[in-house]
*Asks:* 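Next up is a structure, given as structure tokens.
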Amino acid sequence: MQPILSPAFKESTKWQTLSAPAKCALEGMLQFVTRKHCDWVIEGTPKQIGDWIGPEVNLNATEIVTALRELDTAGCIRRGRVGNGSSFIVAPVVVDR
């Protein structure tokens, strides 16, 4: 089952204050997340994620990388490590299964 953004989150002040690129990045990330240890995780570097999501939302990879920083600062995602690679974990309040 593919997760979606929680309706409650989409009505929150946090969602409303995010920039358009950050909203696009967060929505785009959901198609790549997998369930790992009770978290929704996307494995890849910021550049890789930008390359995957950017073309779909008409943004370049640099704009997606900037959006990922904004999402991290806002507490919507957090950066982590899986094996030797980089990963991002989507905050539980953001996702609805």
Side-chain angles (χ1 to χ4, degrees):
M1 174 187 269
Q2 195 66 28
I4 60 169
L5 291 179
S6 163
F9 175 71
K10 288 187 90 171
E11 293 175 6
S12 72
T13 304
K14 187 179 287 193
W15 173 259
Q16 301 302 323
T17 58
L18 292 174
S19 67
K23 289 177 181 178
C24 288
L26 187 56
E27 289 178 314
M29 288 175 72
L30 294 181
Q31 66 185 312
F32 297 104
V33 296
T34 57
R35 197 78 161 150
K36 294 213 179 185
H37 308 290
C38 299
D39 288 321
W40 290 105
V41 177
I42 180 171
E43 294 181 38
T45 65
K47 170 84 168 81
Q48 288 172 322
I49 294 169
D51 290 340
W52 299 334
I53 297 170
E56 293 185 17
V57 294
N58 295 321
L59 295 171
N60 64 46
T62 304
E63 291 172 300
I64 296 294
V65 170
T66 301
L68 292 174
R69 282 191 208 111
E70 179 182 346
L71 292 169
D72 187 24
T73 300
C76 298
I77 61 172
R78 66 183 161 88
R79 195 164 186 169
R81 288 230 176 256
V82 175
N84 292 333
S86 181
S87 66
F88 291 88
I89 300 169
V90 180
V93 296
V94 172
V95 180
D96 191 15
R97 312 187 259 169

*Asks:* Between Pro3 and Val33, is there a side-chain heavy-atom distance shorter than 4.5 Å?
*Replies:* yes

*Asks:* Please enumerate all residues that pass salt bridge (Lys or Arg N to Asp or Glu O under 4.0 Å) together with Glu56, with sequence neighbours excluded.
*Replies:* none

*Asks:* For residues 11-34, which residue pairs pass the ring-ring contact (aromatic ring centres under 6.0 Å, His included) check, not counting sequence neighbours?
*Replies:* Phe9-Trp15, Phe32-Trp52

*Asks:* Between Pro46 and Leu68, which heavy-atom pair has the shortest distance, and what is it?
*Replies:* CA-CD1, 3.8 Å

*Asks:* Sub-3.5 Å donor-acceptor pair from the side chain of Lys47 to the main-chain atoms of Val65, do we have one?
*Replies:* no

*Asks:* With a 4.5 Å heavy-atom cut-off, do Ile89 and Ile77 have their side chains touching?
*Replies:* no

*Asks:* Name all residues meeting the side-chain contact (heavy atoms from CB on, under 4.5 Å) criterion together with Thr62; count only those two or more places apart in sequence or in a different chain, and write none if there are none.
*Replies:* Asn60

*Asks:* When rounded to the nearest 0.5 angstrom, what distance separates CD in Glu43 from CD1 in Ile49?
*Replies:* 10.0 Å

*Asks:* Mind checking whether Leu5 and Ile64 sit in one hydrophobic cluster, side chains of I, L, V, M, F, W, Y counted as touching below 4.5 Å?
*Replies:* yes

*Asks:* Between Cys24 and Leu59, is the side chain to side chain contact (heavy atoms under 4.5 Å, CB included) condition met? List the steps.
*Replies:* CA-CA 9 Å; Cys24 288; Leu59 295 171; 4.2 Å; yes

*Asks:* State which residues pass salt bridge (Lys or Arg N to Asp or Glu O under 4.0 Å) with Lys10; sequence neighbours excluded, sorted by chain then number.
*Replies:* Glu27

*Asks:* Can you list the residues that meet the side-chain contact (heavy atoms from CB on, under 4.5 Å) rule with Ala67, with sequence neighbours excluded?
*Replies:* Pro21, Ala22, Ala25

*Asks:* Just do the side chain to side chain contact (heavy atoms under 4.5 Å, CB included) check on Thr34 and Lys36 with the steps written out, would you?
*Replies:* CA-CA 6 Å; Thr34 57; Lys36 294 213 179 185; 3.8 Å; yes

*Asks:* Could you go step by step and tell me if Ser19 and Thr66 meet the side chain to side chain contact (heavy atoms under 4.5 Å, CB included) rule?
*Replies:* CA-CA 10 Å; Ser19 67; Thr66 301; over 6 Å; no

*Asks:* Heavy atoms only: give me the nearest Phe88-Gly44 pair and the separation to one decimal.
*Replies:* CE1-O, 3.8 Å

*Asks:* In Å and rounded to the nearest 0.5 Å, what is the CG to OG distance from Leu18 to Ser12?
*Replies:* 8.0 Å

*Asks:* How long is the gap from CD1 on Ile53 to CG on Leu26, to the nearest 0.5 Å?
*Replies:* 9.0 Å

*Asks:* According to the salt bridge (charged side-chain N to carboxylate O under 4.0 Å, His left out) rule, which pairs have a member within residues 65-74, sequence neighbours left out?
*Replies:* none

*Asks:* NZ/Lys23 to CG/Leu71 distance, rounded to the nearest 0.5 angstrom?
*Replies:* 11.0 Å

